Amino acid sequence: MFKPCPNCGFLVALIAGREASQRCPRCGSAMQVECVAPPAADVPVQDAERRAAGHDADANAMQPPTPMPAAAAHAPLPRGAGAQAQATPATRASAAQPDAATDTTDAQVAEPTPSFVAGRPRAAPPRGRRWPWALALPLLALLLALQLLLSQRVELAQDARWRPLLIATCGALGCDVPAWREPRAYVMLARNVRPHPGRPGVLHVTASLRNGARWPQPLPVLVLSLSDIDGRVLAARAVSPPDYGSRSDALVEPGDSVDVAFDVREPSPRVVSFDFQLR
């Protein structure tokens, strides 16, 4: 129950049913607890408490507060008396709230922030000069293309589309370009097969060739076939440049002509025709 102090008028919460004298927490004056009659059986306990609280509030509003003496205002409070009087459920709840908030704040501060939540600041990339890279990349690409060209120059030298570039590159770098080989570009201007005048059973073969290719090339391999009257091949022979008196590495310039001659043994008296193939 709440009752105003008769000395200072401070509203004091008194414990009902307690025989010991209770004091005002402000001035320390002793206060008597009056016995309160129990509520009627037909009135609920909560209504009785509300009515009692309203009656006490009205009484406190009607009675003016009594001025507290100066000596009593500065008098020290006894230990435990004020704390016990003010330790009501509402006071305890309000006092516990700051402690709970403080504990929560301490827990939040103490907990470390996970590494995946707090992102690390990214360092700014160093700003350097980019023109060396811009110059080096085309040079590296050009060097790679040059290496591929030189490593496959044997195959590319036989391609009419790549041969001019390969000749210009090797002319600047001092490398060798393989000879151009196009046997079908040779044109046979004249050919003849007749018996050797001083050697019986031997045939003397002569031919004239002209290089019709765009570049110099070595002499081809001549394949001579001898046939009978029915067109059956009686004998065939492949004659290389050393066999008809020329070097294998000798090159014939475009448009130049070369005369070749060689002897072969007559395979049969029935030979009546011959044929040449260039390889």
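Keep in mind it's a predicted model, so treat the numbers as computed, not measured.
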Distance, nearest 0.5 Å, that separates CG of L148 from CG of L143: 9.5 Å

Disulfide (SG to SG under 2.5 Å) pairs, two or more places apart, involving residues 196-279: none

Same apolar cluster: L224 and M188, side chain cutoff 4.5 Å: yes

Ring geometry between F262 and F276 (parallel below 30°, tilted from 30 to 60°, perpendicular above 60°): perpendicular

Heavy-atom side-chain proximity of Y244 to L219 below 4.5 angstrom: yes

Stepwise side-chain contact (heavy atoms from CB on, under 4.5 Å) check, V233 with L226: CA-CA 6 Å; V233 178; L226 302 177; over 6 Å; no

W162 side, atom CH2; I167 side, atom CD1 - distance, nearest 0.5 Å: 14.0 Å

Within residues 186-209 or reaching into it, pairs that qualify as side chain to side chain donor-acceptor pair (under 3.5 Å) - sequence neighbours excluded: H204-D263, S208-D259

For E266, side chain to side chain donor-acceptor pair (under 3.5 Å) partners two or more places apart: none

Side chain to side chain donor-acceptor pair (under 3.5 Å) partners for S240, two or more places apart: D243

Donor-acceptor contact below 3.5 Å, side chain R163 vs main chain A157: yes

Pairing residues for R279 by the salt bridge (Lys or Arg N to Asp or Glu O under 4.0 Å) criterion, not counting sequence neighbours: none

Criterion side-chain contact (heavy atoms from CB on, under 4.5 Å) on V205 and V264, from CA distance to verdict: CA-CA 8 Å; V205 182; V264 294; 4.2 Å; yes

Side-chain heavy atoms of P218 within contact of P241, under 4.5 Å: no

Salt bridge (Lys or Arg N to Asp or Glu O under 4.0 Å) involving D275 - partner list, sequence neighbours excluded: none

Disulfide (SG to SG under 2.5 Å): pairs with one or both residues in residues 206-252, sequence neighbours excluded: none

Where at least one partner belongs to residues 235-267, residue pairs that pass disulfide (SG to SG under 2.5 Å), sequence neighbours excluded: none

Heavy-atom side-chain contact between L149 and L156 under 4.5 Å: yes

Side chain to side chain donor-acceptor pair (under 3.5 Å): pairs with one or both residues in residues 142-158, sequence neighbours excluded: none

Distance-only criterion, 3.5 Å: show the donor-acceptor pairs between side-chain atoms of residues 174-185 and protein atoms not counting sequence neighbours.
unit_1: W180; atom_1: NE1; unit_2: E182; atom_2: OE1; d: 3.0

Spacing of OG belonging to S268 relative to CG belonging to L234, to within rounding of 0.5 Å: 5.5 Å

4.5 Å side-chain heavy-atom contact, L209 and L222: yes

Residue pairs passing the disulfide (SG to SG under 2.5 Å) test where at least one lies in residues 225-279, sequence neighbours excluded: none

Side chain proximity check, W215 to L251, heavy atoms < 4.5 angstrom: no

Verdict with reasoning, L150 to L173, per side-chain contact (heavy atoms from CB on, under 4.5 Å): CA-CA 10 Å; L150 295 179; L173 300 179; 3.9 Å; yes

Pairs satisfying side chain to side chain donor-acceptor pair (under 3.5 Å), at least one member in residues 216-231, at least two apart: N211-Q217, D228-R232

